[in-house]
Protein chains: 2
Amino acid sequence: MAEKQKRESRGFMLKQRAFLKLYLITLMEKKKAYGLQILDTLTETFKPFGYQPTHSAMYEALYDLVEDGILHRQEIVPPHDRFKKLVYYQFTDDGADRAEIYKKQLKEEIDRCQGLLQQALKDNFG
Amino acid sequence: MAEKQKRESRGFMLKQRAFLKLYLITLMEKKKAYGLQILDTLTETFKPFGYQPTHSAMYEALYDLVEDGILHRQEIVPPHDRFKKLVYYQFTDDGADRAEIYKKQLKEEIDRCQGLLQQALKDNFG
DNA sequence: GAATGAACAGGTTGTTCATAA
DNA sequence: TTATGAACAACCTGTTCATTC
């Protein structure tokens, strides 16, 4: 009955989703924030590199972190509210610990990707 | 009537396809080769980085280069043939020139990606 | 307009099957 | 088994639409 089978990564580059999750964790360590606020920060950070993430990419990453049990949602109705709600995110009880584990993985993954790119420069532009 | 609309890249990482095309060009500069032979070479090169491209990924990249007018196919029936055919690839007349242009683009793209990864290391593990 | 969210569409990539010697 | 190729399925990502203030 339509067993959905997993697909293995062949280990090329890290995925945008993972990359954004890493940044979201680090931003949350600094201070609580809500969606589009975060996106603005990221957009500024990545502008020099010609990377402009979409809002849906960011939301997907955010949902992932909630599903991973790292963050939880906190809806806030701002005072003098002009807006219905803002959704702030912050760490769950053991979220910080889990986040550390995730970050450690990503560190290795980024190092690996840099190695691969470095090798490509050597091999193709020797 | 179902105008198929292009999707723009938001400029995250370079794609596997482009990465492989770059390697294929460089390998072809060194010597003619056929599909699975190339894959073996690539597999060896990338093994230290945990990247193992599939044969279909490589074929796709190869077809792309043919469509770009950079390479052309040359079917060869090997002497004492145990196999029906091997498909060797080599540069078209202006293929080498086009290849240089492509390589220049990829050089910039790889530099950009390295910058992005470097920034991520600084921002998240600084 | 700012903000969140979901649906949809397009493209890339990994797995599998087909064919041939 | 080696080699090429194609079909298919899963996934990722970008665009668009819906909704609320």
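Letters A, B, ... are given to chains in the order of the sequence lines, protein chains preceding strands, and every chain is numbered from 1. Computed from a prediction, not measured in an experiment: that's the story for all the values here.
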### Task
Could you say whether Lys15(B) or Arg7(A) is positioned toward the 5' end of DNA chain D, judged by the nucleotide with the nearest heavy atom to each?
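With Lys15(B) and Arg7(A) compared, the 5'-side residue is Arg7(A).
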### Task
Quick one: label Phe12(A) by what it contacts on the DNA or RNA (base, sugar-phosphate, nothing), any heavy atom closer than 4.0 Å.
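It contacts nothing in the nucleic acid.
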### Message
At 4.0 Å (heavy atoms only), tell me whether Tyr89(A) reaches a base, stays on the sugar-phosphate, or touches nothing.
### Response
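Here Tyr89(A) touches the backbone only, sparing every base.
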With a cut-off of less than 4.0 Å, is there a side-chain N or O of [X] near OP1 or OP2 of [N]?
X: Tyr59(B); N: dG5(D); value: no
X: Gln37(B); N: dT2(D); value: no
X: Tyr34(B); N: dA3(D); value: yes

### Query
Which listed nucleotide (dG14(D), dC11(D), dG14(C)) is nearest to the side chain of Arg10(A)?
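Comparing dG14(D), dC11(D), dG14(C) against the side chain of Arg10(A), the answer is dG14(C).
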### Query
With respect to the side chain of Glu8(B), which nucleotide from dT15(D), dA3(D), dA3(C) is positioned closest?
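Among dT15(D), dA3(D), dA3(C), the one nearest the side chain of Glu8(B) is dT15(D).
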### Query
Just by distance, with hydrogens left out, do Tyr102(A) and Asp68(A) show a side-chain donor and acceptor under 3.5 Å apart?
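Absent: no donor and acceptor within the cut-off.
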### Task
Could you tell me whether the side chains of Tyr88(A) and Gln37(A) share a donor-acceptor contact shorter than 3.5 Å?
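Result is no, nothing qualifies.
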### Message
Could you measure the distance from the NZ atom of Lys21(B) to the CG atom of Leu62(B)? Nearest 0.5 Å is fine.
### Response
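Separation between the atoms: 11.0 Å.
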### Message
Near DNA chain C, counting only heavy atoms under 4.0 Å, which residues of residues 101-117 of chain A show up?
### Response
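Residues of residues 101-117 of chain A under 4.0 Å from DNA chain C: none.
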### Query
Which residues within residues 61-74 of chain A lie with some heavy atom under 4.0 Å of an atom in DNA chain C?
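Hits under 4.0 Å, by residue number: Tyr63(A), Arg73(A).
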### Query
Going by an N to O cut-off under 4.0 Å, is there a salt bridge joining Glu8(B) and Arg10(B)?
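Not counted as a salt bridge, because no side-chain N and carboxylate O are separated by less than 4.0 Å.
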### Query
When you look at CG of Asp94(A), are more than 12 heavy atoms from neighbouring residues, nucleotides or ligands closer to it than 6.0 Å?
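More than 12 within 6.0 Å, yes.
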### Within 45° cone and under 6.0 Å: Lys103(A) NZ/CZ vs Phe125(B) ring
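Yes, cation above the ring, under 6.0 Å and within 45°.
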